Number of protein chains: 2
Amino acid sequence: MQKIPKTKENLLNTAISLVWRNSYGLVTIDDICKEAGVLKGSFYHYFGSKQDLTIQSLDYFYTSVRPMFENIFSPEKEPVQRFEDYCNFVYKSQKELKALYGHVCGCPYASLGCEMSNQDDEIKHRIEEVFTLTQGLFAKTIKDLIDDGLIDEKAKPTDKAHKAYTYVIGVMMMARIQNDLNLIKREMRSGLFNIIGINVKTPKPA
Amino acid sequence: MQKIPKTKENLLNTAISLVWRNSYGLVTIDDICKEAGVLKGSFYHYFGSKQDLTIQSLDYFYTSVRPMFENIFSPEKEPVQRFEDYCNFVYKSQKELKALYGHVCGCPYASLGCEMSNQDDEIKHRIEEVFTLTQGLFAKTIKDLIDDGLIDEKAKPTDKAHKAYTYVIGVMMMARIQNDLNLIKREMRSGLFNIIGINVKTPKPA
DNA sequence: ACATTATTTGACTAAATAGTCAAATTTAAT
DNA sequence: ATTAAATTTGACTATTTAGTCAAATAATGT
């Protein structure tokens, strides 16, 4: 873990924030510099282009997301609880973002991927990587549900995980497009549990 | 139905095509004019801005999509068949687009909505309208499934329709991001039928 | 045929944007 | 304290982009 210069980290965080709540195409290098309070020369000292910055942002962002996800999906927890925690985490994060920026921002990987993955293979590759890892966490949890006899094992865990994750991306998209936080509250957990086959009752308090 | 001048229609179609396969932010007015073989002066004769063009494109595009959807979801057909036809239609369209442009283009409303609906309320409004209408078609079909005794009626049709449509949007996003047509083939029908509660067997030949 | 309206042309401006660079400054190492 | 490396500064260029406009051309109605 090499330490990142302050200005560089500032630019990375600013880029993530701006692209997440707006879009890749709408955010210019000037925007990022202005918001970060950094001059253009400094930007080009650390990054070769917007594409370069974006790729480094994705890597940088994932280093902060990964440990959270591994905590949420920790195998030491009850599998149902992992999905509960996941839904709560997503809702809480999106609520914070909406409070900050006035918009439901959705999934940064899905939004960026939708816009950019048919333009840039490096971006595409990184996003697919995140998708694969997250689906892996889903699959492991579903496997544990089966092993615990909590759901029946008609479908393969990886298949269920894939469908469940696809649904989650759908919810995040709809919530962003319609700028509706309640969509996440109402539809994320219930739909996810439906697809996986968990008995849907009122959620346990976090 | 007033007739649209040739040049204007050309610009509308070009804009739809370019934005669909790339993105809103990446496509410039110059791009659209160049691709359409139209000079900028003509562009501004018909449209006031890119935003104006986009809104008119959405309206124009939906006039061609709507009758197709109403045919697919015609109440005279068996309800299961409607969903079969819907899946086949989506797959076929995306296959054609991929053959033309080399990319899975996904749902134009969802992609544009993701990028633009927190920037522009008029665009957002039109996209939500399409979503509402499509979910209505889903809900009607699900209601017919219940009436025919083909699925049990635990959940409300509108609720199921909403979850089903959310899943469809998820599939379209994943297919676009990963540029993978097979995702639509493999996951669209099976996931949709699962959520709705239709017995999933091998699809009937179209 | 004539007048009116719609459309097209192409050159134009102004602003935004990406990217460069040498010199000045700060930081870190010996 | 001195040197070397890293960082910052701010002014610079070139290109792209949105948008304007008056004149020329084409289409339409009478």
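All chains are named by letter (A, B, ...) in the order of the sequence lines, taking the proteins before the strands, and each is independently numbered beginning at 1. This is a predicted model, so every value here is computed, not measured. Values below: all heavy atoms of this structure, side chains included; hydrogens, waters and symmetry mates excluded.
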Name the one of A/Asn71, A/Thr141, A/Asp85 that satisfies side chain to side chain donor-acceptor pair (under 3.5 Å) with A/Lys77? A/Asp85
Any side-chain heavy atom of B/Met188 within less than 4.5 Å of one from B/Tyr91? no
Provide, to the nearest angstrom, the distance between the CZ atom belonging to B/Phe47 and the P atom belonging to C/dT7. 12 Å
Which of residues 12-30 of chain B sit near DNA chain D, with a heavy atom under 4.0 Å from it? B/Thr28, B/Ile29, B/Asp30
Exceeds 12 heavy-atom contacts within 6.0 angstrom, atom NZ of B/Lys98: yes
OP1 or OP2 of D/dT20 under 4.0 Å from side-chain N/O of B/Tyr44: no
Taking atom types as modelled, find out whether A/Gln56 and A/Asp52 have a side-chain donor-acceptor pair closer than 3.5 angstrom. yes
Do the side chains of B/Arg66 and B/Glu129 get close enough for a salt bridge, i.e. N-O under 4.0 angstrom? no
Between B/Asp52 (CG) and D/dA18 (P), how many Å, whole number? 14 Å
Would B/Lys163 and A/Ser190 satisfy side chain to side chain donor-acceptor pair (under 3.5 Å), going step by step from the backbone distance to the final call? CA-CA 9 Å; B/Lys163 286 189 167 58; A/Ser190 65; 3.0 Å; yes
Given atom NZ of B/Lys34 and atom C1' of D/dA18, what is their separation to the nearest angstrom? 17 Å
Identify, with sequence neighbours excluded, every residue that meets ring pair (Phe, Tyr, Trp, His ring centres under 6.0 Å) alongside A/Tyr60. none
Closer than 4.0 angstrom, basic N to acidic O: yes or no for A/Lys124 and A/Asp120? no
Nucleotide by nucleotide, nucleotides 5-14 of chain D touches protein heavy atoms under 4.0 Å in the pattern (B base, S sugar-phosphate only, - none) --BBBB----
